[in-house]
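Every number for a ligand or one of its atoms is a count from 1 in the order of the listing.
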Amino acid sequence: MDMDHAHTLSLPNGDVVKKPFLIGVAGGTASGKSTVCKKIMTELGQTDMDHTQRQVVTISQDSFYRELTAAEKAKAFQGLYNFDHPDAFDEQLMYDTLEAILKGVKVEIPGYDYKTNSLDYENKLTIYPADVVLFEGILVFYFPKIRDLFHMKLFVDTDSDTRLARRVPRDINERGRDLDAVLTQYMTFVKPAFEEFCSPTKKFADVIIPRGADNTVAIDLIVQHIRDLLNSQSSSRKGSSSNIQINMNVDLQKNNETGGKKSGLVVKIPHTPTTASNSSCSSASTITPTNIKMGSFSRPH
Ligand SMILES: Nc1ncnc2c1ncn2[C@@H]1O[C@H](COP(=O)(O)OP(=O)(O)O)[C@@H](O)[C@H]1O
Ligand SMILES: Nc1ccn([C@@H]2O[C@H](COP(=O)(O)O)[C@@H](O)[C@H]2O)c(=O)n1
């Protein structure tokens, strides 16, 4: 199988399949990862579309939790199982699945049932070859091999009080938990694991999104970027030989230097986009206002 540097794969039989652009979306529990992904899909007009026709799809890391034994399930019901440790996930299956998706293979992924703490094979999600795949979860940047598969990495950065305030009612109302178990699990596992395993992965992000889905500026920028990407893909399918250019390395942090008074933006755009991965953006023009620093990067394959 021949893999070109753009966005298609040429199979030995001459068929050409899509090679998706893979975006990782990490962040603490209840930071708004799924809501951000939903907003991105909605703004791109994807949610009303038949799922076989979608150009953008979202997958959750929760579909890669390991199956629990009966004893582990009994612990989980009391909030005494650690779902926030990397070992709770099937890393190899996650890697193999993302690899298959990147090769344009149609894959089936189980749903996840939080009420029974088990994978839900009755509600499988079929991932058809798509242009953009969003993969969201607390530890999507934790595993180096998986981290390296992403073409773009987003980190949803919502403060821990807000996250706890969202998690408690969600787990009670939507995940069938009782208050005692939710708080026990949070204090015993969720909070310490966030500090140890999730929060340190923020440094790998290309884009940090403070306040999650409330940050419409960040989401609009990301959506615009994806639109540009999809447009460049369709023009390349029509015969253009240009590679996809990604001209963002955005850090959407609060602008502390201005004491929070000026919430401006700094957008640096390279004069001449290059394909060099991780290249810095030394000769850049500046669009103001901004709290966004942009470098440039390109898809790694
Ligand atoms: N910006 C927001 N404002 C208010 N509630 C929100 C916001 N973002 C998410 N939520 C709510 O918080 C909970 C967790 O959000 P979700 O997107 O599922 O987070 P995650 O996927 O990171 O766990 C959900 O009940 C969701 O409706
Ligand atoms: N059976 C399960 C599986 C996971 N969790 C918790 O879900 C969190 C991850 O999902 P988010 O949507 O919140 O990112 C994680 O913190 C696990 O503790 C669970 O409680 N039960």
Side-chain angles (χ1 to χ4, degrees), residues 23-43 47 58-90 94 110-120 123 134-142 154-199 201-202 205 208-220 252:
I23 303 177
V25 184
T29 180
S31 55
K33 300 179 294 295
S34 323
T35 309
V36 164
C37 290
K38 260 183 224 141
K39 270 197 145 179
I40 292 174
M41 302 233 348
T42 305
E43 284 196 28
T47 32
T58 301
I59 310 167
S60 169
Q61 189 177 30
D62 295 351
S63 297
F64 298 92
Y65 270 119
R66 293 182 193 282
E67 293 282 18
L68 302 190
T69 62
E72 286 170 332
K73 277 194 180 173
K75 282 187 156 189
F77 282 119
Q78 302 168 70
L80 297 174
Y81 182 83
N82 193 350
F83 287 103
D84 294 73
H85 193 283
D87 291 349
F89 294 95
D90 188 335
M94 220 173 343
Y112 194 79
D113 184 344
Y114 299 94
K115 293 186 176 159
T116 58
N117 301 302
S118 50
L119 296 167
D120 181 0
N123 286 300
L134 295 151
F135 185 50
E136 65 86 14
I138 50 173
L139 295 177
V140 295
F141 301 158
Y142 178 80
L154 314 179
F155 191 97
V156 182
D157 198 12
T158 303
D159 82 81
S160 52
D161 292 348
T162 306
R163 292 192 293 100
L164 177 60
R166 286 179 188 164
R167 175 157 169 147
V168 171
R170 180 195 67 185
D171 283 8
I172 292 171
N173 299 328
E174 295 169 26
R175 296 188 176 182
R177 310 292 169 86
D178 68 55
L179 182 62
D180 269 2
V182 173
L183 294 179
T184 299
Q185 185 186 349
Y186 191 85
M187 294 313 291
T188 316
F189 300 120
V190 181
K191 185 175 161 60
F194 172 76
E195 305 297 343
E196 187 174 356
F197 305 115
C198 177
S199 181
T201 67
K202 185 160 57 169
I208 297 170
I209 310 172
R211 306 178 308 283
D214 289 341
N215 194 332
T216 49
V217 173
I219 291 172
D220 287 351
L252 292 159

Which atoms of ligand 2 are found less than 4.0 Å from any heavy atom of Lys33?
-> 14 (O)
Atoms of ligand 1 less than 4.0 Å from Ala30 heavy atoms?
-> 14 (C), 19 (O), 20 (P), 22 (O), 23 (O)
Is it true that His85 and Phe189 have ring centroids separated by less than 6.0 Å?
-> no
May I ask you to decide if Ser118's main-chain N or O and Asp113's side chain share a donor-acceptor pair within less than 3.5 Å?
-> no
May I ask whether Ala76 has any heavy atom positioned less than 4.0 angstrom from an atom of ligand 2?
-> no
Taking atom 1 (N) of ligand 1 as the reference point, the nearest protein heavy atom with its distance = Asp214 OD1, 2.9 Å
What atoms in ligand 2 come closer than 4.0 Å to a heavy atom of Asn117?
-> 1 (N), 2 (C), 21 (N)
Which of the atoms in ligand 2, numbered in the order shown and given with their element, are less than 4.0 Å from a heavy-atom of Ile138?
-> 14 (O), 15 (C)
Gln185-ligand 2 polar pair, N/O distance under 3.5 Å = yes
Write out the residue and atom name of the closest protein heavy atom to atom 7 (O) of ligand 2, then the distance separating them to 0.1 Å.
-> Arg175 NH1, 3.1 Å
Identify the protein heavy atom lying closest to atom 24 (C) of ligand 1, giving its residue, its atom name and the separation to 0.1 Å.
-> Arg170 CD, 4.5 Å
I would like to know whether Thr201 and Leu139 meet side-chain contact (heavy atoms from CB on, under 4.5 Å); could you show each step before the answer?
-> CA-CA 8 Å; Thr201 67; Leu139 295 177; 5.5 Å; no
Does ligand 1 have an atom that lies less than 4.0 angstrom from a heavy atom of Ser31?
-> yes
Report yes if the side chains of Asp62 and Phe83 come closer than 4.5 Å at any heavy-atom pair, otherwise no.
-> no
Can you measure from CZ (Phe64) to CG (Asp90) and round to the nearest 0.5 angstrom?
-> 8.5 Å
Flag atom 5 (N) of ligand 1 as yes if some protein heavy-atom distance to it falls below 4.0 Å, otherwise no.
-> yes
Ligand 1-proximal atoms of Arg166, by part, heavy-atom distance under 4.0 Å | side chain
For Asp87 and Arg66, work out which heavy atoms get closest and say how close.
-> O-NE, 2.9 Å
Give the residue and atom name of whichever protein heavy atom lies nearest to atom 17 (O) of ligand 1, and the separation in Å to one decimal.
-> Thr35 OG1, 2.4 Å
Do Glu43 and Asp220 have side-chain heavy atoms sitting under 4.5 Å apart?
-> yes
The closest protein heavy-atom partner of atom 13 (O) of ligand 2 is Thr29 OG1, 2.6 Å
In this structure, CG of Asp171 is separated from CZ of Arg166 (nearest 0.5 Å) by 13.5 Å
With only distance considered, is Arg167 within less than 3.5 Å of ligand 2 through an N or O on each side?
-> yes
cation_pi(Arg163, Phe194) dist<6.0 Å, angle<=45 | yes
Closest heavy-atom contact between Ala76 and Leu68?
-> CB-CD1, 4.1 Å
Under a 4.0 Å heavy-atom limit, does Val190 contact ligand 2 with its side chain, its backbone, both, or neither?
-> side chain
Give a yes/no verdict on whether any heavy atom in Tyr112 is under 4.0 Å from an atom of ligand 2.
-> yes
Tell me: protein heavy atom nearest atom 19 (O) of ligand 1, and distance?
-> Gly32 N, 3.1 Å
Find all atoms of ligand 2 within a distance of less than 4.0 Å from any non-hydrogen atom belonging to Ala30, and give their numbers and elements.
-> 13 (O)
Select one of side chain, backbone, both or neither to describe which atoms of Asp171 lie under 4.0 Å from any atom of ligand 2, heavy atoms only.
-> neither
Given side chains that start at C-beta, do those of Val190 and Arg167 come closer than 4.5 Å, heavy atoms only?
-> yes
For ligand 2, the portion of Tyr65 having any non-hydrogen atom under 4.0 Å away | side chain
Taking both backbone and side-chain atoms of Ser34, is any N or O found less than 3.5 Å from an N or O belonging to ligand 2?
-> no
Between Ser34 and ligand 1, is there a nitrogen or oxygen pair with a distance under 3.5 Å?
-> yes
Any heavy atom of Arg170 sitting closer than 4.0 Å to ligand 2?
-> yes
Of the listed options Leu139, Leu68, Asp84, closest to atom 18 (O) of ligand 2 (non-hydrogen atoms) = Asp84
Please confirm whether the backbone N or O of Ala213 pairs with a side-chain atom of Lys39, one donor and one acceptor, at under 3.5 Å?
-> yes
If you count the atoms of ligand 1 from 1 in the order shown, which ones are under 4.0 Å from a heavy atom of Gly28?
-> 22 (O)
Look at atom OH of Tyr142 and say whether more than 12 heavy atoms of other residues, nucleotides or ligands are closer to it than 6.0 Å.
-> no
So with a 6.0 Å cut-off around NZ of Lys73, is the heavy-atom count from everything else above 12?
-> yes
Of all the atoms in ligand 2, which lie at a distance below 4.0 Å from a heavy atom belonging to Arg177?
-> 1 (N), 2 (C), 19 (C), 20 (O), 21 (N)
Please confirm whether Glu136 comes under 4.0 Å of ligand 2, counting heavy atoms of the residue only.
-> no
Take Val25 and Phe135 through the test side-chain contact (heavy atoms from CB on, under 4.5 Å) and record every step on the way to the result.
-> CA-CA 6 Å; Val25 184; Phe135 185 50; over 6 Å; no
Any chance you could measure Phe77, atom CZ, to Glu72, atom CD, to the nearest 0.5 Å?
-> 12.5 Å
